[in-house]
Amino acid sequence: QVQLVESGGGLVRAGGSRSLSCAASGGTFSAYTMAWFRQAPGAEREFVAGIKWSGGRTAYADSVKGRFTISRDDAKNTVYLQMNSLKPEDTAVYYCAGVSSWTIPQTSRGYTYWGQGSQITVSS
C-alpha cells in the first residue's frame, strides 16, 4: 500500500514563497505520475500541478503557471512543489496524489493514492 506524507505547510505573506514536499513509501515511486491538488474551504478539490513518472513532462493549472514548479527526486521517493509569488487566493489545503499512469490526469478521480493534506495560508 502506497503512503504519501506531505510536509512544508504553514503561514506565508503574499508575495512570499513556500515549498511543499511529499514523501512516498510502499510502492514503486518512479513508476507513478505524481500531482498536487488543493482545496479551499467550500470549494472542490482542484488540480495544481502534475509530473509524469519519467520526470520529463509536467502540467500546471493556469492559475499557477509561472509561479509554481513541480519536481521529483526518484532516489528520495519525493515530489516537491515550489510556490513563488503567493497570493491570498492560493490559501488552501494542498494534497499530494499519485497514480500508475502514462498520462497526467487533471481530475481527482484520476488518482489512486492521496496524502493527508498540508495547509497553506497566504496573508495579505
Side-chain angles (χ1 to χ4, degrees):
Q1 182 71 16
V2 175
Q3 291 187 322
L4 304 176
V5 178
E6 299 101 337
S7 60
L11 177 65
V12 62
R13 288 188 175 183
S17 298
R18 195 82 177 187
S19 181
L20 293 173
S21 300
C22 172
S25 62
T28 307
F29 177 78
S30 60
Y32 294 124
T33 287
M34 300 298 297
W36 289 94
F37 283 74
R38 66 186 181 187
Q39 188 166 20
E44 293 189 356
R45 194 169 296 190
E46 64 174 0
F47 175 82
V48 175
I51 185 166
K52 267 196 73 175
W53 57 269
S54 65
R57 181 184 164 207
T58 57
Y60 295 91
D62 288 343
S63 59
V64 306
K65 277 182 184 176
R67 299 189 298 123
F68 290 13
T69 302
I70 189 171
S71 62
R72 64 191 295 161
D73 185 338
D74 288 346
K76 296 182 178 179
N77 286 357
T78 301
V79 62
Y80 306 95
L81 184 68
Q82 177 64 42
M83 303 178 289
N84 299 327
S85 302
L86 282 160
K87 305 175 182 180
E89 51 264 43
D90 293 319
T91 295
V93 177
Y94 283 71
Y95 296 91
C96 175
V99 65
S100 179
S101 173
W102 289 96
T103 65
I104 305 176
Q106 298 195 16
T107 64
S108 58
R109 290 176 296 176
Y111 289 83
T112 306
Y113 306 108
W114 291 89
Q116 82 286 354
S118 186
Q119 176 72 46
I120 291 290
T121 302
V122 183
S123 63
S124 57

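Bear in mind that the values here come from a model prediction, so they are computed numbers and not experimental data. Positions are given from 1 along the sequence.
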[Y] side chain reached by [X] side chain, heavy atoms, under 4.5 Å:
X: C96; Y: V79; value: yes
X: K52; Y: T58; value: no
X: T78; Y: F29; value: no
X: Y94; Y: Q39; value: no
X: L81; Y: T69; value: no
X: L11; Y: R18; value: no

Review point. Between Y95 and R45, is a side-chain contact (heavy atoms from CB on, under 4.5 Å) present by the stated rule, with each step listed?
Key: CA-CA 9 Å; Y95 296 91; R45 194 169 296 190; 3.5 Å; yes
Rounded distance [0.5 Å steps], [atom1] in [X] versus [atom2] in [Y]:
X: N84; Y: D90; atom1: CG; atom2: CG; answer: 10.5 Å
X: Q82; Y: S71; atom1: CD; atom2: OG; answer: 8.5 Å
X: Q3; Y: Y113; atom1: CD; atom2: OH; answer: 11.0 Å
X: S124; Y: L86; atom1: OG; atom2: CG; answer: 13.0 Å
X: R38; Y: S118; atom1: CZ; atom2: OG; answer: 14.0 Å
X: W36; Y: E46; atom1: CH2; atom2: CD; answer: 14.5 Å

Point to revise | Contact summary for S108 and W114, nearest pair of heavy atoms | key: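 Looks like O-CZ2, 3.4 Å.
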Review point. After noting the C-alpha distance and the side-chain angles of E89 and T91, does the key distance pass the side-chain hydrogen bond (donor to acceptor under 3.5 Å, both in side chains) rule?
Key: CA-CA 5 Å; E89 51 264 43; T91 295; over 6 Å; no
Review point. Is the shortest distance from a Lys or Arg side-chain nitrogen in K65 or D62 to a carboxylate oxygen in the other one below 4.0 Å?
Key: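 Salt bridge between K65 and D62, a charged N being under 4.0 Å from a carboxylate O: yes.
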Review point. Is D74 salt-bridged to R72, going by a charged N under 4.0 Å from an acidic O?
Key: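 Salt bridge between D74 and R72, a charged N being under 4.0 Å from a carboxylate O: yes.
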Mind checking whether [X] and [Y] sit in one hydrophobic cluster, side chains of I, L, V, M, F, W, Y counted as touching below 4.5 Å?
X: V48; Y: V93; result: no
X: I51; Y: Y60; result: yes
X: L4; Y: I70; result: yes

Review point. Judged by atom type as modelled, is there a donor-acceptor pair below 3.5 Å linking the side chain of R109 to the main-chain atoms of P105?
Key: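 Not at all, since once roles are kept as given, no pair shorter than 3.5 Å links the two residues.
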Exercise for review: Mark yes or no for whether E6, through its side chain, and G117, through its backbone, hold a donor-acceptor pair below 3.5 Å.
Suggested key: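 Yes; judged by distance alone, with no hydrogens or angles, the pair exists.
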Check your understanding: Going through the checks in order, is the side-chain contact (heavy atoms from CB on, under 4.5 Å) test met by T28 and S30?
Key -> CA-CA 6 Å; T28 307; S30 60; 3.8 Å; yes
Check your understanding: Taking the six-membered ring where the residue is Trp, are the ring centres of F47 and F37 under 6.0 Å apart?
Key ->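 That pair passes the under 6.0 Å test.
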Exercise for review: For M34 and W53, run side-chain contact (heavy atoms from CB on, under 4.5 Å): C-alpha distance rounded to whole Å, both residues' side-chain angles, the deciding distance at 0.1 Å, then the answer.
Suggested key: CA-CA 7 Å; M34 300 298 297; W53 57 269; over 6 Å; no
Practice item. Begin with the C-alpha distance, continue with both residues' side-chain angles, and end with the deciding distance and a verdict on side-chain contact (heavy atoms from CB on, under 4.5 Å) for Y80 and L20. Key: CA-CA 6 Å; Y80 306 95; L20 293 173; over 6 Å; no
